[in-house]
Amino acid sequence: MWPEQQHTGDVRTALGGTGQAFFAPAAEGMVFASVSGEHSGRAFAVFRMGMNGANIGGAALGGALVTAVGPGWVLAVDAASFALAGALRAFLDVSGVPERAPGGGMLHDLRDGWREVTARPPWLWGVVVQFAVVNAMVAAAEAVYGPVVAEEQLGGAGPWGLALAAFGAGTVGGALLMTRLTPRRLLLTGVLCVFPLALPSAALAVPLPTAGLTAIMFGTGIAVEVFAVTWMTALHQEIPEEKFSRVSSYDALGSLALVPVVTSLAGPVQDLVGRTAALWACSALIALLTAAVLCVPDVRRLTRRTTTGTVPPPTVPTPPTTQTPPTSPTHQTSQTPQDARTSRLSRS
């Protein structure tokens, strides 16, 4: 590849990542703003199933189109598909979502989101820190070491491609599973499903035959989706709707912050300690960080809440006047902010 082409590709990749950083938190917030609390888990599971299914189908369709018409036309079709997806968003019915007052600008929103994250119990930032390491270890194993192991010890790119396809199929299966399951202990269920993410690194360290690696990747895909749905359901339950996308942005930032650093260091680490040792270290760090998060009491105790009715306040008698006899005590039913949020979402 010519240096100019490499530079252009790097710029396109950076712009694509920037666009995704803006899109993902807003899209997740839009999904949760349009459903009531008891349906949020299933709604997000359907959202993830569609997204993962499109990733698998899109990869297959892209490969076929490259063969048929060439890569240039495929990139043009890809760009047009993004424009079409953006246009389709304009047809979403958000009339049930209450209008928000204008904010104080991006910096104000960033500070507001940061205060929301740091004010929460340790379960929120503990999981974010956990995934800063977990995502970095997974990226190093699967983006740097995996292709090399496949080329040198598994017979080439074909087995690795099959393993990645199995992971994608597992994510679709996991999302489909979560449309039916509603675990009571959201974070405990989700965090336990992070342990399987240590298995692909271990499988590459051995390395396991293609069949074993493919089976592990499929199971890991299922586990990833169970965590994703339970985690986002917990955030939706505990974070006010008007601040959800801001908190989700910090979640994404923290969870991905170490990925570029660790992937750039994966090669030098392999030269220093060997690829097998580096893969075992990735597996061990994932398992250790996950076990540490399970030591946080709120992770084990946070449960799914059901929608509850409003509670009337104490009775307040109306003071008597000289013209009329004393009136009967009156009752007013107040509505908590959480109940108001639930009623708005239910109408949407």
Side-chain angles (χ1 to χ4, degrees), residues 24 48 114 117-118 120-146 149 167 170-171 174 178 183 185-206 208 213 216-217 219-235 238-239 247-270 272-303:
R48 294 278 299 183
W114 178 251
V117 171
T118 55
R120 294 285 158 180
W123 65 264
L124 196 157
W125 53 261
V127 172
V128 172
V129 171
Q130 173 200 13
F131 264 81
V133 177
V134 168
N135 283 332
M137 296 301 105
V138 170
E142 297 186 1
V144 180
Y145 301 138
V149 172
F167 175 82
T171 60
M178 292 307 292
R185 294 187 181 273
L186 291 168
L187 290 182
L188 179 61
T189 301
V191 172
L192 286 174
C193 285
V194 180
F195 280 111
L197 271 68
L199 296 179
S201 298
L204 290 169
V206 173
L208 289 183
L213 177 61
I216 284 177
M217 293 291 281
T220 302
I222 294 175
V224 163
E225 287 306 301
V226 174
F227 168 80
V229 174
T230 55
W231 170 245
M232 297 304 292
T233 304
L235 287 183
E238 301 297 324
I239 304 298
V247 173
S248 179
S249 298
Y250 276 105
D251 173 28
L253 173 64
S255 298
L256 299 175
L258 294 181
V259 169
V261 176
V262 172
T263 51
S264 66
L265 294 175
V269 169
Q270 173 183 284
L272 183 64
V273 302
R275 186 167 59 243
T276 300
L279 283 165
W280 281 118
C282 290
S283 182
L285 282 172
I286 292 172
L288 287 174
L289 263 293
T290 304
V293 169
L294 284 176
C295 295
V296 178
D298 287 334
V299 170
R300 302 191 304 272
R301 296 171 185 168
L302 192 145
T303 57

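Residues Val247 and Leu124 have side chains in contact (heavy-atom distance under 4.5 Å, counting atoms from C-beta outward). Within the 4.5 Å cutoff, the side chain of Leu289 has no heavy atoms near those of the Val293 side chain. A 4.5 Å side-chain heavy-atom check between Leu187 and Thr230 finds every atom pair outside the cut-off. Contact of the Leu302 side chain with the Glu238 side chain is registered, since non-hydrogen atoms from C-beta on lie closer than 4.5 Å. Counting heavy atoms from C-beta outward, Trp280 and Val206 have side chains that approach closer than 4.5 Å. Residues Trp125 and Thr118 have side chains not in contact (no heavy-atom distance under 4.5 Å, counting atoms from C-beta outward). Side chains of Val194 and Val127 form no contact here, defined as non-hydrogen atoms less than 4.5 Å apart. Put simply, the side chain of Leu294 reaches to within 4.5 Å of the side chain of Leu192, judged on heavy atoms.
Across Val262 and Ala140, no two heavy atoms sit closer than the pair CG1-CB, 3.9 Å. Across all their heavy atoms, Val296 and Pro122 have their closest contact at CG1-CB, 4.1 Å. Between Val259 and Ala139, the closest heavy-atom pair is CG1-CB, 3.9 Å. Summarising the geometry of Thr276 relative to Ala205, their closest heavy-atom pair is CG2-O, 3.7 Å, with the distance given to 0.1 Å. For the residue pair Tyr145 and Ala266, the shortest heavy atom distance occurs at OH-O, 2.7 Å. In terms of heavy atoms, Gly254 sits closest to Val128 at CA-CG1, 3.8 Å.
Remark: the backbone N or O of Ala252 is not paired with any side-chain donor or acceptor of Ser255 at under 3.5 angstrom. Side chain of Ser283 to main chain of Ala198: a donor-acceptor pair is present (N/O by atom type, distance under 3.5 Å, no hydrogens or angles).
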Given side-chain contact (heavy atoms from CB on, under 4.5 Å), test Arg120 with Ile239 step by step and report yes or no. CA-CA 9 Å; Arg120 294 285 158 180; Ile239 304 298; 3.6 Å; yes

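Atom CD of residue Glu142 and atom CG of residue Leu197 lie 8.0 Å apart, to the nearest 0.5 angstrom. Summarising the geometry, atom CD1 belonging to Ile286 is positioned 9.0 Å from atom CG belonging to Leu199; distances are rounded to the nearest 0.5 Å. With values rounded to the nearest 0.5 angstrom, Leu235 atom CG is found 6.0 Å from Asp251 atom CG. Atom CG of Leu186 sits about 9.5 Å away from atom CH2 of Trp123, to the nearest 0.5 Å. In this structure, OG in Ser248 is found 11.0 Å from CG in Leu253, a value given to the nearest 0.5 Å. One finds the CG atom of Leu288 at 11.5 Å from the CD atom of Gln130 (value rounded to the nearest 0.5 Å).
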